[in-house]
> 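Can you read through this structure? Questions will come right after.
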2 protein chains.
Amino acid sequence: MTGTRWLDDDQQRAWRAYLRMQAEVAARLGRQLQADSGLSFADYGVLVQLAEAPDGRLRPFALQRDLQWEQSRLSHHLGRMQRRGLVDREECPQDARGAFVVLTAAGRAAIEAAAPAHVDTVRRLVFDQLDPDEVRALERIATRVVDGLNAERRPA
Amino acid sequence: MTGTRWLDDDQQRAWRAYLRMQAEVAARLGRQLQADSGLSFADYGVLVQLAEAPDGRLRPFALQRDLQWEQSRLSHHLGRMQRRGLVDREECPQDARGAFVVLTAAGRAAIEAAAPAHVDTVRRLVFDQLDPDEVRALERIATRVVDGLNAERRPA
DNA sequence: ACGGAATGAATGATGCGTCATGTAGGTTGA
DNA sequence: TCAACCTACATGACGCATCATTCATTCCGT
């Protein structure tokens, strides 16, 4: 190979703009959630999944699959959320290795209280800035990139 | 107000796809950098800025402006990078409160060694999946969102 | 039936990010 | 000129993310 293939100008600009958007949007959303509800963005993700699940109960490995988190991250995070009373752990009769994570009443109250302001922030920061074509383009771009990652992960 | 305005279906799908792309791309890039060069993505950003600066020297507040980091994050991070020998701190004669951060020889070597594989990973994960129109759309979307944030930060 | 491999999950160490706060030095205006 | 204020930067505490490791249980081939 005769040298590194760098990004061309369009790619360079797109990448820097993306990085800035990504960092700022994440920071804003995190701060808004923390300030208004005392939840982190990570907490929010966990609570959403549990709230959507029947009985607010999920096996950790299912949660892991949905969130695409590292197993140990999830385990640590659930531990902290449990200490704060947002979730609880139960034993799993079907598989003695396993466990259940269940949403507590406080956890459900927290997500229900947090959701409106959070959604509103997402819309204000992101979707109010984009026309419908751009929204579809964003989905298309993100889907393509994610599909590319998955193709790499498990080669044909 | 009569209730929360949720996201419509297009927005919902775009948002979930974006979140997944964001998380996965960041994770992959971080792991690649760490594995191949022992640098974090944050390290990489700092080193790029310093390498582009004359004499590899910058005032911390300038670095902060470029990276859009919190001041204390930068301070902590520079401390860790200094311990690892990637950067050094010098006093600033013009302003006794201030300081300079300077790229060490090891720091310059690290960024030069890391860049090719990193850029290659960015291209492989992102730009190889997108056609030129999508690249331009990504830049446009990101720019719009960032501009929206800035407009909020300092209202007219 | 049993030994090895795979699975579900927890833990300790360590680096990262934020908040609140501290401190020294500069700037401004009455 | 000097008090009030602002700016540049550092620090301690604490929650978060990752890696490596560990452990119990289940699965599976022989």
Side-chain angles (χ1 to χ4, degrees), chain A residues 22-24 26-46 57-102, chain B residues 22-24 26-46 57-102:
Chain A
Q22 191 275 67
E24 297 258 339
R28 295 277 191 123
L29 290 178
R31 265 190 266 277
Q32 177 271 320
L33 267 175
Q34 190 66 47
D36 294 356
S37 338
L39 297 177
S40 68
F41 192 70
D43 296 333
Y44 190 87
V46 171
R57 294 161 58 83
L58 283 175
R59 296 288 301 270
F61 76 89
L63 206 41
Q64 186 192 343
R65 177 176 35 70
D66 294 343
L67 294 170
Q68 301 271 107
W69 280 10
E70 293 218 351
Q71 181 268 322
S72 94
R73 173 186 180 184
L74 179 61
S75 187
H76 281 299
H77 204 93
L78 290 176
R80 290 187 296 258
M81 292 180 75
Q82 185 175 21
R83 268 186 257 130
R84 292 194 287 149
L86 296 170
V87 303
D88 214 344
R89 298 200 219 228
E90 290 178 5
E91 291 188 356
C92 175
Q94 295 82 24
D95 184 339
R97 298 168 296 185
F100 276 106
V101 195
V102 298
Chain B
Q22 191 276 68
E24 297 258 341
R28 296 276 193 124
L29 290 179
R31 264 189 268 278
Q32 177 272 319
L33 267 175
Q34 190 66 47
D36 294 357
S37 337
L39 297 177
S40 68
F41 192 69
D43 295 332
Y44 190 86
V46 170
R57 294 161 58 81
L58 282 175
R59 295 289 300 272
F61 75 89
L63 207 40
Q64 187 192 343
R65 176 176 35 70
D66 294 342
L67 295 170
Q68 300 271 106
W69 281 9
E70 294 217 350
Q71 182 268 319
S72 94
R73 172 184 181 184
L74 180 60
S75 188
H76 282 299
H77 205 92
L78 290 176
R80 290 186 295 256
M81 291 180 75
Q82 185 175 22
R83 269 186 257 130
R84 292 192 287 148
L86 297 170
V87 303
D88 213 343
R89 298 199 218 229
E90 290 178 5
E91 292 189 355
C92 175
Q94 295 82 27
D95 184 340
R97 298 169 296 186
F100 275 105
V101 195
V102 299

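Protein chains get the first letters and strands the later ones, always in sequence-line order, with residue 1 at the start of each.
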> Rounded to whole angstrom units, what separation is found between the CD atom of B:Glu70 and the P atom of D:dT11?
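Atom-to-atom, B:Glu70 to D:dT11, this comes out as 17 Å.
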
> When the distance from CZ of A:Arg97 to C1' of C:dA5 is rounded to whole Å, what number comes out?
12 Å

> Just how far, in rounded Å, is P of D:dC16 from CG of A:Leu33?
12 Å

> How about A:Arg73 and A:Leu67: do any of their side-chain heavy atoms sit closer than 4.5 Å?
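With C-beta onward as the side chain, the pair stays apart.
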
> Side chain of A:Arg84 only, please: which of C:dT18, D:dT18, D:dC16 is the nearest?
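My answer, after comparing the listed nucleotides, is D:dC16.
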
> May I have the distance from B:Phe61 (atom CZ) to C:dG26 (atom C1'), rounded to whole angstrom?
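So the CZ-C1' distance, B:Phe61 to C:dG26, works out to 13 Å.
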
> Nearest to the side chain of A:Ala42 - D:dA17, C:dA9, D:dC9?
D:dA17

> Classify A:Arg80 by what it touches in the nucleic acid, base, sugar-phosphate, or nothing, heavy-atom distance under 4.0 Å.
base

> Do B:Gln71 side-chain and D:dA8 base share a donor-acceptor contact under 3.5 Å?
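Absent.
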
> How long is the line joining CZ of A:Arg73 and P of C:dG12, in whole Å?
20 Å

> Are the side chains of B:Leu29 and B:Tyr44 in touch, meaning some heavy atoms are under 4.5 Å apart?
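Sidechains of B:Tyr44 and B:Leu29: no contact.
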
> Closest approach to the side chain of A:Ser72, judged atom by atom: which nucleotide of C:dG26, D:dA20, D:dG12 is it?
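Ranking C:dG26, D:dA20, D:dG12 by closest atom to the A:Ser72 side chain puts D:dA20 first.
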
> Send over the distance from A:Phe100 CZ to C:dG8 C1', rounded to a whole Å.
12 Å

> Please compare B:Ala99 and A:Gln94 by the position of their nearest nucleotide in DNA chain D and report the one closer to 5'.
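With B:Ala99 and A:Gln94 compared, the 5'-side residue is B:Ala99.
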
> Which is more 5' along DNA chain C, the nucleotide nearest A:Ala62 or the one nearest B:Pro93? Just name the residue.
A:Ala62

> So how far is it from B:Glu91 CD to B:Arg97 CZ, rounded to the nearest 0.5 Å?
14.5 Å

> Please state how far atom CZ in A:Phe41 lies from atom C1' in D:dA17, giving the value in whole angstrom units.
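Atom CZ in A:Phe41 sits about 15 Å away from atom C1' in D:dA17.
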
> From A:Arg84 CZ over to A:Leu39 CG, what is the distance, rounded to the nearest 0.5 angstrom?
6.5 Å

> Would you tell me if any nitrogen or oxygen in the side chain of B:His76 comes within less than 4.0 Å of OP1 or OP2 on C:dT18?
no

> Mind checking B:Arg89 for me? I need base, sugar-phosphate or nothing, with any heavy atom below 4.0 Å counting as a touch.
sugar-phosphate

> Would you say A:Arg59's side chain and A:Ala99's backbone share a donor-acceptor pair under 3.5 angstrom?
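Pair found, side chain donor or acceptor close to backbone of A:Ala99.
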
> C:dG8 P sits how many Å from A:Glu91 CD, rounded?
17 Å

